[in-house]
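This is a predicted model, so every value here is computed, not measured. Values below: all heavy atoms of this structure, side chains included; hydrogens, waters and symmetry mates excluded.
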Amino acid sequence: MEEIVHKGKIVEVDPQFTTVEIISESACATCHASGLCGMSEYKTKAIQVPTSPTALYEPGDEVEVVLKATMGHKAVWVAYVIPLILLLVFIFIPLGLGKSELVSALCGFFAVASYYWFIYAFRNILKNEYVFKIRK
């Protein structure tokens, strides 16, 4: 698996960005009983993709939004794995140094909160790194 592909529909095209609406569905959404159990989830997401000067897209066109699989794996690390490691480190080190559980929990909370604030502060740099492509 070299790339992650989502089907979508073009909503808006401007010279800088093309907005594509994709439907993200849970794994059980394709189950034949998904309408009965209510566990399936469909979420509509709008993704902005840099507009190619050679592409001729119109609103309503069915397209595929493509991201390299390595970028998807990197996103999982940035969003989930690194914060989990920080949380565990900043909980267990104070505990090992004899601090109370409350102090350890607060250290873990502030470490993860600081990490996500850092990610938010540098979101424009990360946005340039995770570039989607459109193909028909």
Side-chain angles (χ1 to χ4, degrees):
M1 187 167 147
E2 306 237 349
E3 52 190 30
I4 300 168
V5 180
H6 289 285
K7 293 182 181 182
K9 185 185 290 187
I10 293 184
V11 177
E12 181 183 356
V13 179
D14 66 37
Q16 192 173 20
F17 290 105
T18 300
T19 305
V20 180
E21 186 177 77
I22 63 170
I23 296 175
S24 177
E25 56 187 41
S26 66
C28 63
T30 57
C31 174
H32 69 280
S34 64
L36 298 173
C37 74
M39 295 298 290
S40 64
E41 284 185 27
Y42 290 97
K43 291 183 183 177
T44 304
K45 297 178 182 178
I47 296 177
Q48 289 189 326
V49 181
T51 301
S52 171
T54 59
L56 299 173
Y57 298 118
E58 296 291 326
D61 287 352
E62 297 285 331
V63 294
E64 290 181 337
V65 179
V66 181
L67 179 71
K68 289 183 185 176
T70 55
M71 289 291 108
H73 298 304
K74 187 175 181 180
V76 168
W77 274 88
V78 168
Y80 300 112
V81 177
I82 293 172
L84 176 64
I85 292 169
L86 282 173
L87 179 68
L88 294 175
V89 165
F90 280 90
I91 285 178
F92 288 118
I93 287 180
L95 280 176
L97 295 174
K99 303 295 180 185
S100 71
E101 291 176 355
L102 177 64
V103 170
S104 297
L106 289 174
C107 286
F109 172 77
F110 285 117
V112 173
S114 299
Y115 173 77
Y116 279 120
W117 179 85
F118 181 80
I119 294 297
Y120 179 77
F122 292 99
R123 68 188 176 278
N124 291 329
I125 293 171
L126 289 172
K127 184 193 286 187
N128 294 334
E129 200 167 317
Y130 294 94
V131 179
F132 291 92
K133 299 199 183 323
I134 298 175
R135 70 177 177 214
K136 281 197 171 193

Considering all heavy atoms, the nearest [X]-[Y] contact:
X	Y	value
P59	V11	CB-O, 3.6 Å
V20	I134	CG2-CD1, 3.7 Å
V81	W77	CG1-CZ3, 3.1 Å

Hydrophobic cluster membership, [X] vs [Y], 4.5 Å side-chain cutoff:
X	Y	answer
L95	I85	yes
L88	V103	no
F122	I82	no

| task | Report the residues that fulfil salt bridge (Lys or Arg N to Asp or Glu O under 4.0 Å) with E12, sequence neighbours left out, ordered by chain and then residue number. | result | none
| side chain to side chain contact (heavy atoms under 4.5 Å, CB included) partners for K9, two or more places apart | E62
| message | Tell me whether the count of non-hydrogen atoms from other residues, nucleotides or ligands lying under 6.0 Å of CG in L97 goes above 12. | response | yes
| query | Is V5 isolated, or which residues cluster with it under the ILVMFWY side-chain rule of less than 4.5 Å, directly or via members? | reply | V66
| Does E64 have any side chain to side chain donor-acceptor pair (under 3.5 Å) partners at least two apart in sequence or in another chain, and if so, which? | R135
| Excluding sequence neighbours, so at least two apart, what forms side chain to side chain donor-acceptor pair (under 3.5 Å) with R123? | none
Donor-acceptor contacts, no H, no angles, side chain residues 105-119, under 3.5 Å, sequence neighbours left out:
unit_1 : atom_1 : unit_2 : atom_2 : d
S114   : OG     : F110   : O      : 2.7
Y115   : OH     : V78    : O      : 2.7
Y116   : OH     : A79    : O      : 2.5

| query | Do K133 and V49 have side-chain heavy atoms sitting under 4.5 Å apart? | reply | no
